[in-house]
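Here is the structure we will look at.
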Amino acid sequence: MKKEKIISLVLLLMALSAISSLAVITFFIFHEGLPIIFKVGLGGFLLSDQWYPTEGSFGILGMIVGSLAVTAGALIIGVVFGLGCAVLLTQFCPPRLVAIIKPSIELLAGIPSVVYGFIGVSILVPFIRDSFGGPGLSVLAASIVLGVMVLPTITSISVDALQAVPRTYREGSIALGATEWQTTHMVIFKAARSGIVAAVILGMGRAIGETMAVIMVAGNPIGMPHGLLDPVRTLTSNIALEMGYSAGDHRKALFATGVVLFVIIMILNTIALAVSRRRAGKVLAQ
Amino acid sequence: MTVKIRSENLNLFYGQFHALMDVNIAIKPQAITAIIGPSGCGKSTLLRCFNRLNELIPTVRTTGRILLDDHDIFAPDTDLPRLRKRVGMVFQRPNPFPLSVFDNVAYGLRVHAMRSSRAEVEAVVESSLRATMLWDALKDRLTLPALELSAEQQQRLCISRLVAVEPEVLLMDEPCSTLDPGATEHVEELMRTLARQYTIIIVTHNMQQAARVSAETGFMLLGQLIEFGPTRAIFTNPSDRRTEDYVTGRYG
């Protein structure tokens, strides 16, 4: 009995240490970052694209736009291909083929991001430069690389969501004379919607937080990108590129960049969760 | 005697397993035909032959013929969606889609592109819900998620969903097995009403239910149709020993 209590206490401590590290990180970046935001002013920090840390101007609007643009581009690619793949695997594919294709897609998640970046910069970037013009290092290149990187997340979670749909829905629809595709998009998607939204949230989290691969293919200039073929600097790239040599207010401004990234991710997650909960509530209320 | 559906030397295999053996059955139009037998005898498999739903399982192989209005449904030119529109199915567990009541009933219309205007769809939804006596209970709650209905209402909704596409045959696979006795009685009443218009085939392991609702009954055992005839004869004067043992409750 006593032993049981000790074990559960130890487990509780282990669980708390995970939560407390989250608390410490949160506290630390806010503690380091917030003062400089108030010093520069919220408007000067968030609404200016002038980032000249040695001269005391810390505007990160260009990077906020950059991060959102690259993430949106990655999600378009990742959702279209990932969801397509998930539908193929769950609705149209013989099981033997699924056993080959699904693990290979999941293997994509195991490739280090620097390898994605390397392939991006040595193949994709020259290709974009030669076919569409511009420097090649661009929003487009970063979106494509990130899109491939979020594919395994979106695919495998969507596959799980689609497989969890009761078989009776599918039978009921087919027995009414619906085709496989009608069944998929009129019934199965509706039933799996909350899981698919979860897949997109996780893909989004991965895309907005990715750093190394983006640094390698995005070009990382300061300022606002004006098109798909323009180079771009993201919030994460900004921190990674400058943290090594920064000091004083500059260093603090990088923490503040982290604060903004943190808040953006929180907002996106909350929106996505709220959407999926509301819909799940409708579907699962039984 | 007219026949709506007839099977001729129907055999079905799940991989190596011989699930239906030389089944010959003739189903009368606008009547209820019951198929009874112990679990695993192949009665549900037989039912799923009539709308070719067994083909969702990749290892299934069928030989023989099934004639719907004298046309072989296994013929290569068969239009499967059209066949399944003509031969609808009600399942053991009510399986309304995770959509609203309205969208459940309108589903078949959309799938088969049967009605164009909103008003026409609304009219069909109303008449289909009236046909299963759901309209008065649900007319003000058509946007309610179907999964919030009671089990009986869900099963009625599944029948409405079929009625909406104007089928000719209704296949019912133990439609009352998840319902309580009161709901079962209501659904049986509904079946009698529907039988004036539709050909109904019901699979049940509830012998009293078969005796109550059906005009003709078939008894199946181990993949074979042992005996088939008027319900009264099957229950009071069976010609096969095995049928007699089953209907008198000696096994099953």
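Please read these numbers as outputs of a predicted model, since none were measured by experiment. Residue numbers begin at 1 in each chain, while the letters A, B, ... track the order of the sequences. Computed from heavy atoms alone, side chains included, the values below leave out hydrogens, waters and symmetry copies.
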Of all heavy-atom pairs between B:Pro96 and B:Leu147, which one has the smallest distance, and what is that distance? O-CD2, 3.9 Å

What pair of heavy atoms forms the shortest contact from B:Gln92 to B:Gln155, and how long is it? O-NE2, 3.7 Å

Can you find a side-chain donor-acceptor pair between A:Tyr169 and A:Thr183 that sits under 3.5 Å? no

Could you tell me whether a side-chain N or O of A:Thr155 sits under 3.5 Å from a main-chain N or O of A:Pro152, the two making a donor and an acceptor? no

Nearest 0.5 Å, what's the OG-CD distance between B:Ser127 and B:Glu166? 8.5 Å

Looking at every non-hydrogen atom in both residues, tell me the closest pair between B:Pro29 and B:Thr199 and how far apart they are. CA-OG1, 3.3 Å

Pairwise distance CZ(A:Phe81) to CD1(A:Ile76) - rounded to 0.5 angstrom: 11.5 Å

Please flag which part of B:Val87 lies under 4.5 Å from any non-hydrogen atom of chain A: side chain, backbone, both or neither. backbone

Side-chain H-bond candidate by donor/acceptor type, A:Thr234 with A:Ser237, under 3.5 Å: yes

Heavy-atom contact with chain A under 4.5 Å, split by part of B:Pro167: neither

Under 3.5 Å, is there a donor-acceptor pair between the B:Thr204 and B:Gln209 side chains? yes

Indicate the ring-plane relationship of A:Phe132 and A:Phe127, choosing parallel, tilted or perpendicular according to the 30° and 60° boundaries. perpendicular

Looking only at B:Leu99, B:Leu80, B:Asn51, B:Val90, the option with the highest number of non-hydrogen pairs under 4.5 Å against chain A is B:Leu99

Spacing of A:Ile264 atom CD1 and A:Met204 atom CE [to the nearest 0.5 Å]: 11.0 Å

Between B:Lys4 and B:Lys28 (side chain of the first, backbone of the second, donor and acceptor by atom type, cut-off under 3.5 Å), is there such a pair? no

Residues of residues 59-76 of chain B with a heavy atom under 4.5 Å from any heavy atom of chain A, in residue-number order, are none

By number, which residues in residues 172-182 of chain A have some heavy atom less than 4.5 Å away from chain B? A:Gly172, A:Ser173, A:Ile174, A:Ala175, A:Leu176, A:Gly177, A:Ala178, A:Thr179, A:Glu180, A:Gln182

Mark yes when over 12 heavy atoms from residues, nucleotides or ligands other than B:Arg82 sit less than 6.0 Å from its CZ; otherwise mark no. no

When every non-hydrogen atom of A:Ser143 is compared with those of A:Gly73, the smallest separation belongs to OG-CA, 3.6 Å

Sort out for me which of B:Arg52, B:Lys85, B:His112, B:Arg110 touches chain A most, counting heavy-atom pairs under 4.5 Å. B:His112

Output the residues of residues 156-165 of chain B for which the shortest heavy-atom distance to chain A is under 4.5 Å, in residue-number order; output 'none' if no such residue exists. B:Arg161, B:Leu162, B:Val165

For residues 169-180 of chain B, give me every residue with a non-hydrogen atom less than 4.5 Å from any non-hydrogen atom of chain A. none

List the atom of A:Gly78, the atom of A:Ile154, and the distance in Å for their closest heavy-atom pair. C-CD1, 3.8 Å

Could you state the interatomic distance from CG (A:Leu108) to OG (A:Ser156), rounded to the nearest 0.5 Å? 10.5 Å

Look at the side chain of A:Thr71 and the backbone N and O of A:Leu68, then say whether any donor-acceptor pair between them is shorter than 3.5 Å. no

Between the CE atom in A:Met63 and the OG atom in A:Ser67, the distance rounded to the nearest 0.5 Å is 9.5 Å

